[in-house]
A.B. asks: 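This structure is in structure tokens; I'll ask about it shortly.
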Amino acid sequence: MNQRDTLTINAAGHLTIGGADTVELAKKFGTPLYVMDEKYVRDMCSAYRTAIEEDYAGNGLVLYASKAFSCTAIYRIVAAERIGVDVVSGGELYTALKAGFPADKIYMHGNNKLPAELSMAVENGVGCIVVDSFAEIDALEAICERAGTVQRILIRVNPGVEAHTHHFIQTAKTDSKFGFSLADGTAEKITLYALQKKHLRMEGYHCHIGSQIFEKESFCLAADKMLAFMAEMKSQHSFEASVLNLGGGYGIWYAEGDAQYTVADYSLYLKTVIAEVKKKAAEYGLKEPYLLIEPGRSIVGEAGITLYTVGTIKEIPGVKKYVAVDGGMFDNPRYALYQAKYTAVLANRAAEKPSEVVSIAGKCCESGDIVCANVSLPRAETGDILAVLSTGAYNYSMASNYNRNLVPPVVLVRNGEADYIVKPQSYEDLTRNDVIPEFLK
Ligand code: LLP
């Protein structure tokens, strides 16, 4: 187990998170249950923020990528940590605004923002919109003209660096629905197009090279390419971008083989990237840009765990053993989608040594419904509480009601105390929007 300060094992041999006994949490709130440690989230926000304050004279902003985990409470927490957010839909924007998040610190993303989402962003005074198509520029210009406002924008570009966990590649041709390529001249074209618009203030560029990345070099390389492009735009078109957004993507620990970073390590990670930005800006004779980064997974991922109750156990002799839990792909679709790796712990017997390798199966009517494959556990028994670690990011936010299962509630832990930040769904919630049209009656 490696979730540093967040997780420990208490005298009863129970797993604890943020000082709360997980077996007690399961008793009080039921399972399946998402649990988040507030302190970890806050520490991560402040580690990133401090890196910018200390090494970049505060000339930038950390944006929490709220696609990783979105609900009103999380926007409250990150607002209190004096960072901004990135939202990618009307729903995330609505949730942030409902939580009272300062609109000027909201950055709106999306490769196909709907007209209604753009209008909502403008009407609510969203700080910046990261545009991703010519059509979006036209639509946004028209909306801002009608509203009589000028909107700050960035353009999403594709620096030709693609990173995946432990390796990265440089690509001359990019095949992505996101961004405009630096290599084929489209990034330059859209820059000139945006600069002509009266109601848009084109401030700079955004890129995002991937997710769950451990190599600092890939971010440094992306920064180099972005600054080289900014220098080119300055010399050729006298446009000096004042903002550079390097996206998110910092990796977290899920299972053996993943790097184990402390909160302080993430700060150092960002400091390395900052040093590169400074070096390249000086080399190209550019003013140091206002720097944005958008970590999602690293802020909330290791802050969260999911608690389940073990149900059926099935051994297929000579093949494998399935330990089924009361959750599944409806609360965590990441194995089904990406064969994601996780670490599981028997929360009520956390001090016991693992004695077998099993697969944790969900309860959905689908053979691919696995929560984690091939994990080491002590011999599990029906009724044990099973914790899956590092589920704070892209679990609740990707959950569904598949098979009309209920999306589990989320509790937040602060110094051993826990309370809901997302209440349990009910069967009534499931049928709330169902209607029988006249012709079926
Ligand atoms: N900024 C942009 C523009 C992004 O597209 C993303 C993630 C982030 C920031 C945050 O990246 P992070 O720091 O969380 O890696 N569902 C997938 C992850 C998709 C990430 C998409 N974009 C998963 O469960 O692994």
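Counting starts at 1 for both ligands and their atoms, following the listed order.
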A.B. asks: Before giving the answer on salt bridge (charged side-chain N to carboxylate O under 4.0 Å, His left out), spell out for Lys198 and Glu141 the whole-Å C-alpha distance, their side-chain angles and the decisive distance to 0.1 Å.
C.D. replies: CA-CA 8 Å; Lys198 282 205 194 85; Glu141 170 73 6; over 6 Å; no
A.B. asks: Report yes or no: is the cationic atom of Arg76 (NZ for Lys, CZ for Arg) under 6.0 Å from the centre of the six-membered ring of Phe101, at an angle within 45° of the ring normal?
C.D. replies: no
A.B. asks: Should Leu386 and Val371 count as side-chain neighbours, where that means a heavy-atom distance under 4.5 Å?
C.D. replies: no
A.B. asks: Under a 3.5 Å threshold, yes or no: a donor from one side chain and an acceptor from the other, between Asp326 and Thr31?
C.D. replies: yes
A.B. asks: Identify, by atom number and element, the atoms of ligand 1 in contact range of Gly249, meaning under 4.0 Å from any of its heavy atoms.
C.D. replies: 11 (O), 12 (P), 13 (O), 15 (O)
A.B. asks: Using only atom types and a distance under 3.5 Å, with no angle test, would you say the side chain of Lys423 pairs donor to acceptor with the backbone of Val410?
C.D. replies: no
A.B. asks: Would you kindly specify which portion of Ala68 sits under 4.0 Å from ligand 1, judged on non-hydrogen atoms: side chain, backbone, both or neither?
C.D. replies: neither
A.B. asks: Do me a favour and list the nearest non-hydrogen protein atom to atom 20 (C) of ligand 1 with residue, atom name and distance?
C.D. replies: Tyr394 OH, 3.6 Å
A.B. asks: Quick one: which ligand 1 atoms are inside 4.0 Å of a heavy atom on Pro295?
C.D. replies: 13 (O)
A.B. asks: Got the closest protein heavy atom to atom 4 (C) of ligand 1, with its distance?
C.D. replies: Lys67 NZ, 3.1 Å
A.B. asks: Is it the case that Ser181 and Thr186 place a side-chain donor and acceptor less than 3.5 Å from each other?
C.D. replies: no
A.B. asks: Does only the side chain of His208 get under 4.0 Å from ligand 1, or the backbone, or both, or neither? Count heavy atoms.
C.D. replies: side chain
A.B. asks: Please report which non-hydrogen protein atom sits nearest to atom 24 (O) of ligand 1, along with the residue it belongs to and the distance in Å to one decimal place.
C.D. replies: Arg334 NE, 2.6 Å
A.B. asks: Just jot down the ligand 1 atoms closer than 4.0 angstrom to any heavy atom of Met398, in number order.
C.D. replies: 16 (N), 24 (O)
A.B. asks: Show the atoms of ligand 1 that are less than 4.0 angstrom away from any heavy atom in Gly296.
C.D. replies: 12 (P), 13 (O), 14 (O)
A.B. asks: Could Lys225 and Phe229 be counted as a cation-pi pair, given that NZ or CZ must be under 6.0 Å from the ring centre and within 45° of the axis?
C.D. replies: no
A.B. asks: Using a 4.0 Å cutoff against the non-hydrogen atoms of Arg156, which atoms of ligand 1 qualify?
C.D. replies: 3 (C)
A.B. asks: Which ligand 1 atoms, with their elements, are less than 4.0 angstrom from a heavy-atom of Ala65?
C.D. replies: 8 (C), 9 (C), 10 (C)
A.B. asks: May I ask you to identify, for Tyr338, whether its side chain, its backbone, both or neither come under 4.0 Å of ligand 1 on a heavy-atom basis?
C.D. replies: side chain
A.B. asks: Flag His109 as yes when one of its N or O atoms lies below 3.5 Å from any N or O atom of ligand 1, and as no otherwise.
C.D. replies: no
A.B. asks: Are Gln212 and Tyr254 linked by a side-chain donor-acceptor pair shorter than 3.5 Å?
C.D. replies: no
A.B. asks: Do you see a donor-acceptor pair shorter than 3.5 Å between the side chains of Asp132 and Asn111?
C.D. replies: no
A.B. asks: May I ask you to list the atoms of ligand 1 that are less than 4.0 angstrom from any heavy atom of Asp86?
C.D. replies: 1 (N), 9 (C)
A.B. asks: Do me a favour and list the nearest non-hydrogen protein atom to atom 9 (C) of ligand 1 with residue, atom name and distance?
C.D. replies: Glu294 O, 3.2 Å
A.B. asks: At less than 4.0 angstrom from any non-hydrogen atom of His206, what atoms of ligand 1 do you find?
C.D. replies: 3 (C)
A.B. asks: Is the closest basic N to carboxylate O distance between Glu92 and Lys67 below 4.0 Å?
C.D. replies: no
A.B. asks: Quick test: of every protein heavy atom, which one is nearest to atom 15 (O) of ligand 1, and how far off is it to 0.1 Å?
C.D. replies: Ser211 OG, 2.3 Å
A.B. asks: Does Phe29 form a ring-ring contact (aromatic ring centres under 6.0 Å, His included) with Tyr420? I'd like the steps, not just the answer.
C.D. replies: CA-CA 9 Å; Phe29 297 100; Tyr420 286 124; 5.0 Å; yes
